[in-house]
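Below you'll find the structure, written out as structure tokens, and then a few comments.
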Amino acid sequence: MKKDLTAILSDALEALGMPQGAVIEIEVPREGSFGDISTPLAMGLARSLKKAPKKIAEDIVHAIGDKDIFEKIDIAGPGFINFTFTKRYLHDSLKKLLVSDKSFLRENIGRGKKALIEFVSANPTGPLHIGHARGAAVGNALCNLLVESGYKVEREYYINDAGRQVKLLGLSVFARYQHLLGNDVPLPDDGYRGQYIEDEAVALLAEAGEKYRDVPFDECGEEMTTWTYKRMLSLIKRDLSRFSIKDFDNWVSERELFAKDEVQTAINDLNRKGFIFELENAVWFRSSGFKDDKDRVVIKSNGEFTYFASDIAYHKNKLNRDFDIIIDIWGADHHGYIPRIESVMQAFGYDITGFRVILVQMVNLLKHGEPLQMSKRAGNFVMLSEIMDLVGPDTTKFMFLTRKSDSHLDFDLDVVTATSAENPVYYVQYANARINSILANAKEKGLDTESDPDLSCLTSPEELGLIKKLLSYPMVLESAARSFEPHRITFYLQELAGIFHTYYHNHRVIGEDTGLTRARLSLCYAIRTVLSDALTILGVSAPEKM
RNA sequence: GCGCCUGUAGCUCAGACGGAUAGAGCAACUGCCUUCUAAGCAGUGGGUCAGGGGUUCGAAUCCCUUCAGGCGCGCCA
């Protein structure tokens, strides 16, 4: 739909000698009376051409001339050009949708460009909780979306397996282990306290026996920390796999960066470029020369690297791998970190227009409309695995994609476990299940769904509306991909499901008239194709029966 | 104090790049199951787009400012 119109408009502009190259905006108007598809093109050109928008619109319409795909072309409002398609065009397009592979639904905006998307990257200090899950859902959907939009995507998880947090993890398990042996070793103040720490201590005792009895942490800490965080990492991998997130292509380890001396090398690089200085025994990165409001320490006066130092190395590592787009998906509480990372990239000479941080806001977990208090100290975070026990991965993912990622999201356990209209997941899945049911019914009746039906009998406003909605799907994918906002697909799905439910209620698909029945079955088939395609991109499956 | 984000219907939220009479779901009220799945459909009511100023043919959208909420601002991670 859009491709056809863009080509026609582009030809018209060329014929008129008007400016080319600019993106031709095309939108589906809010109201049906404004036609099927519309462009504000003339208004955009008004300024540079110094002509009235309506006059420009008239010229464009004249240049388009008679095209058999349009029933009419109107100029309306301040200068919109509104196009109404002929039924024949709609039927032909539906036919194409039915017989083509999925490339018919795709806009190749990536053109094979390489994209790196880093997400989740939860510290390997415990199982995933609900906040991580939102990042996982958004990242996974975005990766799928960009793949389908023509990008070559690598999915990456950065493991913070060096530094203080994993050490605290090791120390926490160490303390619990000693408790099991009757030794009164104090838990570190800011240590980890969840039940899983005790579970790990039990597991350690089972595996290593009393090997570490009376061994101080200074001697066994490294060994124990490594043992523990590796177990945490496999716990995380297990949760992700159960959440049906497509496997990560790369697992980048902070320890590896240190082991390969990439951290020191990166700092040396920056030093050569003149962005490093020493002050009060510490080593600083002059980020204030870029986007940051102050300089940042990379090596503390005690000789330790800061967390920021390994992030410098990590982002240099990303840059060296030659991506066209680099996307980091972070929790929104890290937003203050963006300027310094952008500074790092600029210092390495990278044009940061190819870099994008997507922030994922907090999830407010509610029960009976009341917030469920979670505290890291008490270790009573609600884990992703618990959510999946209660809600299931598909519903959880879909709910996380019903909001723009940087807005807060209420996740009400009563709503998401309800099998009612309150729950948007079911609404969409139900449409899919209904269609399956119709198609199964048709098959049972021995109706021929294979050969080429005559679609021209689909003439009701609802049927034509459904076809138009299906044809607008590629535009939704494109805008979602361009803005890196997979939630737009979720909204589209709810709309499509909505008009299908209305249609279903008003018209019987399988009826007396065989020709009409076959055409309607084809329409249903097309709807199911799009529903299932969109759900697949979101990483959500749909049951055949409900 | 400085910076970032948010503020749209009773509630939860869509409204990319400035465009047409600001939309949806839920909640409320009223109807619809002998018919392919009622986890559904139809109807009704509901708005100072937080307030104020500006930019222009045109502002929920851009700029300034005030207010309210969240987050960040460490030789923490």
Side-chain angles (χ1 to χ4, degrees), chain A residues 23 25 27 29-31 33-34 38 40 43-44 46-47 52-53 76-80 82 123 125 160 162-168 190 279-284 292-294 296-308 310-311 331-339 359 361-362 369 402-404 406-410 412 415 418-431 433-442 444-445 478-480 482-485 487-488 490-492 494-495 497-498 500-511 517 520-521 524 545-546:
Chain A
V23 177
E25 295 172 49
E27 59 194 35
R30 203 171 45 244
E31 291 196 35
S33 63
F34 296 146
S38 174
M43 293 180 288
R47 198 155 298 174
F80 288 95
N82 297 334
N123 285 346
T125 54
N160 286 111
R164 186 178 143 78
Q165 292 308 315
V166 284
K167 192 172 175 185
L168 269 174
D190 36 10
L279 182 71
E280 294 168 355
N281 286 326
V283 177
W284 299 67
D292 209 354
D293 54 355
K294 55 182 77 158
R296 307 290 174 180
V297 170
V298 292
I299 303 176
K300 299 186 252 183
S301 54
N302 67 6
E304 289 176 12
F305 290 102
T306 60
Y307 181 86
F308 180 47
S310 34
D311 262 359
D333 53 342
H334 289 78
H335 70 82
Y337 218 72
I338 296 173
L359 297 174
Q361 260 294 359
M362 301 261 303
T402 57
R403 298 281 178 272
K404 210 163 38 180
D406 60 2
S407 61
H408 289 271
L409 181 134
D410 287 344
D412 192 318
V415 170
T419 54
S420 78
E422 276 185 276
N423 189 332
V425 187
Y426 288 119
Y427 189 76
V428 174
Q429 291 184 330
Y430 190 53
R434 269 185 159 170
I435 294 174
N436 276 321
S437 178
I438 295 168
L439 295 177
N441 194 295
E444 212 166 277
K445 291 191 164 133
E478 183 186 349
S479 83
R482 285 196 193 281
S483 56
F484 306 123
E485 291 179 346
H487 76 276
R488 294 178 189 222
T490 316
F491 280 86
Y492 172 83
Q494 294 182 71
E495 290 163 11
F500 170 72
H501 284 310
T502 301
Y503 175 68
Y504 174 88
H505 191 259
N506 293 335
H507 302 273
R508 283 192 63 81
V509 172
I510 300 169
T517 296
R520 287 181 170 172
L521 286 169
C524 286
K545 287 183 182 177
M546 291 173 72

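Every chain is numbered from 1, with letters handed out A, B, ... down the list of sequences. Small disclaimer: the values here were computed from a predicted structure and weren't measured.
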Practice task
Give one of base, sugar-phosphate or nothing for A:Pro40, where a contact means two heavy atoms less than 4.0 Å apart.
Solution key: nothing
Problem - B:A77 base / A:Thr306 side chain donor-acceptor hit below 3.5 Å - result: no
Practice task
Please check the phosphate of B:C41 (OP1 and OP2 only) for any side-chain N or O of A:Tyr427 closer than 4.0 Å.
Solution key: yes
Handout entry: B:G74 phosphate, OP1 or OP2, under 4.0 Å from A:Lys294 side-chain N/O
Key = yes
Problem - Set of side chain to side chain contact (heavy atoms under 4.5 Å, CB included) partners for A:Phe491, sequence neighbours left out - result: A:His487
Problem - Under-4.0 Å side-chain N/O to phosphate OP1/OP2 contact, A:His487 with B:A24 - result: no
Practice task
For the residue pair A:Tyr337 and A:His334, categorise the inter-ring angle as parallel (less than 30°), tilted (30 to 60°) or perpendicular (more than 60°).
Solution key: perpendicular
Exercise for the section: Tell me which nucleotide among B:A14, B:C76, B:G40 gets nearest to the side chain of A:Lys300. Expected result: B:C76
Exercise for the section: Mind checking A:Ser301 for me? I need base, sugar-phosphate or nothing, with any heavy atom below 4.0 Å counting as a touch. Expected result: base
Problem - Phosphate contact (B:A14 OP1 or OP2) by A:Ser407 side-chain N/O below 4.0 Å - result: yes
Practice task
Classify the nucleic acid contact of A:Leu279 as base, sugar-phosphate or nothing, counting any heavy atom under 4.0 Å across all strands shown.
Solution key: base
Exercise for the section: Would you kindly check whether a donor in the side chain of A:Asn82 faces an acceptor in the base of B:A20, or vice versa, at under 3.5 angstrom? Expected result: yes
Problem - A:Tyr307 side-chain proximity, nearest of B:A77, B:A39, B:G40 - result: B:A77
Problem - A:Ser38 side chain, from C-beta outward: closest of B:C41, B:C36, B:A20 - result: B:A20
Exercise for the section: Using a heavy-atom cut-off of under 4.0 Å over every strand shown, decide if A:Arg164 touches base, sugar-phosphate, or nothing. Expected result: sugar-phosphate
Exercise for the section: With sequence neighbours left out, write down each residue that passes salt bridge (Lys or Arg N to Asp or Glu O under 4.0 Å) with A:Asp292, or none if nothing qualifies. Expected result: A:Arg296
Practice task
Return no unless some side-chain N or O of A:Tyr430 is found under 4.0 Å from OP1 or OP2 of B:A39.
Solution key: yes
Distances for protein N or O near nucleotides 67-72 of chain B N or O, under 3.5 Å:
from, atom 1, to, atom 2, distance (Å)
B:C71, O2, A:His335, NE2, 2.8

